[in-house]
Undergrad: 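Before I ask anything, let me first share the structure, which is written out below as structure tokens.
The structure presented is a predicted model; accordingly, all values stated were derived computationally and were not measured. Note on naming: letters A, B, ... go to the chains in the order of the sequence lines (proteins, then strands), and numbering restarts at 1 for each one. Side chains are part of it too, since the values below use all heavy atoms of this structure and drop only hydrogens, waters and symmetry mates.
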2 protein chains.
Amino acid sequence: MTTHVGRPAGAARERLLSVALDLFAVHGVSGTSLQMIADVLGVTKAAVYHQFQSKEEIVLAVVAPAVDSVARIADLAEARRSPASRREAALSGLVDLVVKNRRLAAVLRADPTVGQLIREYPDMVELSRRIGRLLTGPDPAPEIVVGAAMVGGGLMIAGMDPTLAEFDDEALRRHLLSGARRLLRVRTPGVGQQT
Amino acid sequence: MTTHVGRPAGAARERLLSVALDLFAVHGVSGTSLQMIADVLGVTKAAVYHQFQSKEEIVLAVVAPAVDSVARIADLAEARRSPASRREAALSGLVDLVVKNRRLAAVLRADPTVGQLIREYPDMVELSRRIGRLLTGPDPAPEIVVGAAMVGGGLMIAGMDPTLAEFDDEALRRHLLSGARRLLRVRTPGVGQQT
DNA sequence: GTCTATACGCTGATAGAC
DNA sequence: GTCTATCAGCGTATAGAC
């Protein structure tokens, strides 16, 4: 699933999306006005409207790359043979993604505006179901369903919690992954069971 | 710590706080206007302003009971003898609180407006540090620090995730508690080690 | 406790000049 | 691409009548 098909990048556009993400992370989507974005960029609101026709379009553009990444993770994971291998691939992919984009995670999962927006796109709803299935495997026990939800929350928190800011990427990645495995009752996988 | 000292309840006031919480949970604090609150109540904005002098006051009043509850949990937990017993008391107290107030958790931990507000009150910052220390124990390994953060995220998600809506309180409580213990690498505690 | 009326800044959004 | 100018509507908040 490619959400931002063939849209020419443009440095100004990328800059706008970057400051928008920063502001969304601090104030939430509803708490961020186009004026704020324009101020940080040092331009006027009208200049912002030149690149995006509405606020919703900005939100979608901010979220799109992450959604694409998650979709790619799901694609790769689903290509594996065993449920355990699929889960492992999804898990490590998600953890990597979160660690590499710490700011983004909170905006994606916690912001009610983004949540509503995502719920309006059937593709995104289906994507989150796919991820859920990958993490729990088929016919999961209730305990594992709750565990999978907690994994989602735990990964989200990694982007928000100031306590975790001191961790470097590699350490955070390792601890998040091992925490997620404990939640899902997965033994640290050996090497032989790839693909 | 009692945040709402000696304020007479008043049925209208309680009703207002309840609908405010519902709206905050769906739209976020910034995304909820006083007009929305007034509309649901079937009154005008001015009627809302009769009971609270500002929107911030409403937010604080919504959050206050939960903050008090958390403070009481911390007090009780810190009165225990061993670190393990303190952690266990804090954990089960928090899980109970979250399960009994599913709507509230997301608003409390995920909303950026609430986060900023809380950061302005030193008492609340200190409270969240106390909870963190109770969960990790003294001198925690990095793994446990990340685990404690994930517990926070996991509990928050319990109030937001529609996947978990089907669970009844008792089942959700049990699974959240066992998930949290796995994250913190705690064995299910025996009976003899209370107080 | 609730109402009407009012204040004024800021919101998202548009039109047209440079 | 950015600007100025402008719009209607809504945001929080106040004053005063019932």
Undergrad: Please report, rounded to the nearest Å, how far the P atom of dA7(C) is from the OH atom of Y49(B).
TA: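 Distance check: Y49(B) OH to dA7(C) P gives 17 Å.
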Undergrad: Output a table of donor-acceptor pairs, distance under 3.5 Å, between side-chain atoms of residues 154-161 of chain B and any protein atom two or more places apart or on a different chain; print 'none' if there are none.
TA:
| unit_1 | atom_1 | unit_2 | atom_2 | d |
| --- | --- | --- | --- | --- |
| D161(B) | OD1 | T163(B) | N | 2.7 |
| D161(B) | OD1 | T163(B) | OG1 | 2.6 |

Undergrad: With A25(B), which residues qualify under side-chain contact (heavy atoms from CB on, under 4.5 Å), at least two apart?
TA: V107(B)
Undergrad: Does a side-chain N-to-carboxylate-O contact under 4.0 Å join E88(A) and R80(A)?
TA: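 No, no charged N to carboxylate O under 4.0 Å.
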Undergrad: Contact list please: residues 24-37 of chain A against DNA chain C, heavy atoms, distance less than 4.0 Å, in numerical order.
TA: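 Residues of residues 24-37 of chain A under 4.0 Å from DNA chain C: T32(A), S33(A), L34(A), Q35(A).
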Undergrad: Looking at R130(A), R86(A), R87(A), which one forms a salt bridge (Lys or Arg N to Asp or Glu O under 4.0 Å) with E78(A)?
TA: R130(A)
Undergrad: Please give, in whole Å, the distance from dA13(D) C1' to Q53(B) CD?
TA: 11 Å
Undergrad: Please list, chain by chain and in numerical order, all residues satisfying side-chain contact (heavy atoms from CB on, under 4.5 Å) with V40(B), sequence neighbours excluded.
TA: V19(B), L23(B)
Undergrad: Which pair of heavy atoms, one from A180(A) and one from L91(A), lies closest together, and at what distance?
TA: CB-CD1, 3.9 Å
Undergrad: I'd like a table of atom pairs between the protein and nucleotides 1-5 of chain D - only N or O on both sides, under 3.5 Å - with the distance next to each one.
TA:
| unit_1 | atom_1 | unit_2 | atom_2 | d |
| --- | --- | --- | --- | --- |
| dT2(D) | OP2 | Q51(A) | NE2 | 3.4 |
| dC3(D) | OP2 | T44(A) | N | 2.8 |
| dC3(D) | OP2 | T44(A) | OG1 | 3.2 |

Undergrad: Do S85(B) side-chain atoms and R81(B) backbone N/O form a donor-acceptor pair below 3.5 Å?
TA: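 Side chain of S85(B) to backbone of R81(B): no pair is present.
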Undergrad: Could you name each residue pair satisfying side chain to side chain donor-acceptor pair (under 3.5 Å) that touches residues 141-153 of chain A, not counting sequence neighbours?
TA: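 Checked against side chain to side chain donor-acceptor pair (under 3.5 Å) - neighbours excluded - the pairs reaching residues 141-153 of chain A are E143(A)-R185(A), E143(A)-R182(B).
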Undergrad: What is the distance, rounded to the nearest whole Å, between atom NZ of K55(A) and atom P of dT14(C)?
TA: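 Atom NZ in K55(A) sits about 15 Å away from atom P in dT14(C).
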